[in-house]
Asks: 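Take this structure, written in structure tokens, and hold onto it; I'll ask about it next.
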2 protein chains.
Amino acid sequence: MLELDETPLRMTSQRKVIIDELRGLRTHPTADELFLRVRKKRPRISLSTVYRNLEQLAGCGLIQKLDLCGSQRRYDGDTAAHHHVRCLRCGRVDDIPSEAMGDLRKGVCKTCDYEIIGYRLEYLGFCPRCRKQVRRGKPVKPKPRKKG
Amino acid sequence: MLELDETPLRMTSQRKVIIDELRGLRTHPTADELFLRVRKKRPRISLSTVYRNLEQLAGCGLIQKLDLCGSQRRYDGDTAAHHHVRCLRCGRVDDIPSEAMGDLRKGVCKTCDYEIIGYRLEYLGFCPRCRKQVRRGKPVKPKPRKKG
DNA sequence: TTCAGGAATAGGAATCATTCTTAAAAAGGC
DNA sequence: GCCTTTTTAAGAATGATTCCTATTCCTGAA
Ligand SMILES: [Mn+2]
Ligand SMILES: [Mn+2]
Ligand SMILES: [Zn+2]
Ligand SMILES: [Zn+2]
């Protein structure tokens with residue numbers, strides 16, 4: 001993993017507080033949850049600074065941006081690959097310890113102590129048309145905009 | 001599956017066009033993609049009518065609301081449980097035929113013709129605290145709002 | 001068939017997470 | 001300390017979705 005002093009990023013105090021706070025949490029906070037915490041240490045920080053830094057830190061591989069479902073994105077200070085559980089009632093997100101994976105389906109998960117109701121799975125890849133484009137090195141555009 | 005004439009919903013012409021159009025598609029459209037199509041048949045329909053009806057039809061189990069990742073929700077006329085593939089380049093979403101599930105990981109998926117790069121998995125359930133609440137019949141609140 | 005009351009609609013405003021913009025401040029190399 | 005580049009704070013803009021409201025449409029009972 002890239003370390004703090006190897007990044008091309010200047011280490012501002014805001015950046016330091018954001019990454020420290022996130023790495024100290026096991027709660028997979030949203031940007032605004034993190035903002036509320038970080039603000040206690042740097043009361044003048046702005047929400048967009050939090051967003052911008054989370055984006056950049058994730059770009060450098062120092063943190064992980066979670067692309068889960070739900071209306072708000074969550075961030076993870078743990079950059080190892082692992083899966084997550086979300087509580088259907090309160091929205092809390094926890095890690096699934098890797099030993100628990102594989103045969104985990106329903107019932108109570110011994111290692112994470114959740115009552116598992118189901119899971120959501122989405123495969124990602126390239127559709128037949130895009131496979132060709134990608135091989136020819138055409139850039140991957142994220143998503144087009146529409147208008148009424 | 002609940003049929004059209006068994007719902008508590010009045011069958012308005014807008015509703016009929018929306019459900020017919022969605023069921024005729026295999027593309028998992030977003031609300032506004034569907035709006036663009038439906039508008040060709042009923043030019044005066046509004047986007048909020050499309051949203052409202054998709055919500056209600058999903059509530060009756062006549063269609064499926066897909067809770068995938070990405071910034072826009074998608075809808076599916078097929079109410080059977082199945083999984084999906086999303087193209088990382090163009091955003092297209094297709095079905096994963098059920099025979100292909102289980103051992104599907106990477107490489108080219110024979111049945112769906114995508115080059116599979118990975119998948120996104122999120123388990124859903126109740127956290128230790130909420131398990132108790134849910135058993136006592138306390139209502140499941142979707143998600144609280146915050147303010148700065 | 002008519003009609004009253006409930007349900008649904010069109011259109012637009014409101015909401016909310018996220019991204020963008022800009023002028024001013026802070027880092028770091030010298 | 002000085003200069004160049006990056007970063008910041010603050011707020012505006014964006015875009016998907018939800019909400020609001022006056023009007024129109026259905027439908028069941030008379
Ligand atoms: Mn995690
Ligand atoms: Mn489908
Ligand atoms: Zn919970
Ligand atoms: Zn594609």
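When reading the values below, keep in mind they use all heavy atoms of this one structure, side chains included, and skip hydrogens, waters and symmetry mates. Below, chain A is the first sequence line, B the second, and so on; all start at residue 1.
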Asks: May I ask you to decide if A:I18's main-chain N or O and A:E21's side chain share a donor-acceptor pair within less than 3.5 Å?
Replies: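 No; judged by distance alone, with no hydrogens or angles, the pair does not exist.
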Asks: Regarding B:R92 and B:D94, does a basic nitrogen lie under 4.0 Å from an acidic carboxylate oxygen?
Replies: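 Salt bridge flag = yes for B:D94 with B:R92.
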Asks: Under the side chain to side chain donor-acceptor pair (under 3.5 Å) rule, what do B:R42 and B:S13 come out as? Steps first, then yes or no, please.
Replies: CA-CA 9 Å; B:R42 306 219 88 236; B:S13 69; 3.3 Å; yes
Asks: Looking at every heavy atom in both A:C87 and B:F126, which two are closest together, and how far apart are they?
Replies: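 A:C87 and B:F126 have their closest heavy atoms at SG-CA, 3.9 Å.
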Asks: Minimum heavy-atom separation for B:L47 to B:A31, with atom names?
Replies: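 Reported closest heavy-atom pair: CD1-O, 4.2 Å.
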Asks: Name the atoms and distances for all side-chain donor-acceptor pairs under 3.5 Å in residues 52-59 of chain B, with sequence neighbours left out.
Replies:
from	atom 1	to	atom 2	distance (Å)
B:R52	NH2	B:T49	OG1	3.1
B:N53	OD1	B:R15	NE	3.4
B:N53	OD1	B:R15	NH1	2.7
B:N53	ND2	B:T49	O	2.8
B:E55	OE1	B:K65	NZ	3.3
B:E55	OE2	B:K65	NZ	2.7

Asks: Whole-Å distance between C:dA26 P and A:R15 CZ?
Replies: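 One finds 15 Å between P of C:dA26 and CZ of A:R15, rounded.
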Asks: Specify the separation, in whole Å, of atom OH of A:Y51 and atom C1' of D:dT8.
Replies: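 For the pair A:Y51 OH and D:dT8 C1', the rounded distance is 17 Å.
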Asks: Take atom CD of B:E55 and atom P of C:dA7, then tell me their distance rounded to the nearest Å.
Replies: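 Spelled out: CD on B:E55 to P on C:dA7 is 18 Å.
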Asks: Of all residues at least two apart in sequence or in a different chain, which pass the side chain to side chain donor-acceptor pair (under 3.5 Å) check with A:R120?
Replies: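 With sequence neighbours excluded, A:R120 shows a side chain to side chain donor-acceptor pair (under 3.5 Å) to no residue whatsoever.
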Asks: Quick one, give me the B/S/- string for nucleotides 24-30 of chain D, reading 5' to 3', where B means a protein heavy atom under 4.0 Å from the base and S means that only happens at the primed atoms, P, OP1 or OP2.
Replies: -BBS---
Asks: Salt bridge between B:D113 and A:R131, side-chain N to carboxylate O under 4.0 Å?
Replies: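 The answer is yes: the pair qualifies as a salt bridge.
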Asks: Residues two or more places apart in sequence or in another chain: which of them pass salt bridge (Lys or Arg N to Asp or Glu O under 4.0 Å) with B:E122?
Replies: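 In terms of salt bridge (Lys or Arg N to Asp or Glu O under 4.0 Å), with neighbours along the sequence ignored, B:E122 is linked to A:R86.
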Asks: Any non-hydrogen side-chain atom of A:I45 less than 4.5 Å from a side-chain atom of A:F35?
Replies: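 In short, these two side chains touch, coming nearer than 4.5 Å.
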Asks: Please report how far the helix from C:dT1-D:dA30 to C:dC30-D:dG1 bends, comparing the axis fitted to its first five pairs with the axis fitted to its last five, to the nearest 10 degrees.
Replies: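 Taking five pairs per end, the axes differ by 30°.
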Asks: Measure CZ/B:R74 against C1'/D:dA16 and give the value in whole Å, please.
Replies: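 Rounded to whole Å, this separation is 13 Å.
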Asks: Can you measure B:I18 atom CD1 to C:dA8 atom P for me and round it to whole angstrom units?
Replies: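 Value for this atom pair: 12 Å.
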Asks: CD of B:Q72 versus P of C:dA17: gap in Å, rounded?
Replies: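 Value for this atom pair: 18 Å.
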Asks: Grab the NZ-P distance between B:K16 and C:dA7 for me, whole Å please.
Replies: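 It is 23 Å, rounded to the nearest whole Å.
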Asks: I'd like a table of atom pairs between the protein and nucleotides 10-12 of chain D - only N or O on both sides, under 3.5 Å - with the distance next to each one.
Replies:
from	atom 1	to	atom 2	distance (Å)
D:dA10	OP1	A:R44	NH2	2.6
D:dA10	N7	A:S48	OG	3.3
D:dA10	N6	A:S48	OG	3.1
D:dG11	O6	A:S48	OG	3.0

Asks: Stepwise, does the side chain to side chain donor-acceptor pair (under 3.5 Å) test hold for A:H28 with A:D95?
Replies: CA-CA 9 Å; A:H28 309 91; A:D95 293 330; 2.8 Å; yes
Asks: How close or far is atom P of C:dA8 from atom CG of B:L54, stated in whole angstroms?
Replies: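 B:L54 atom CG is separated from C:dA8 atom P by 15 Å.
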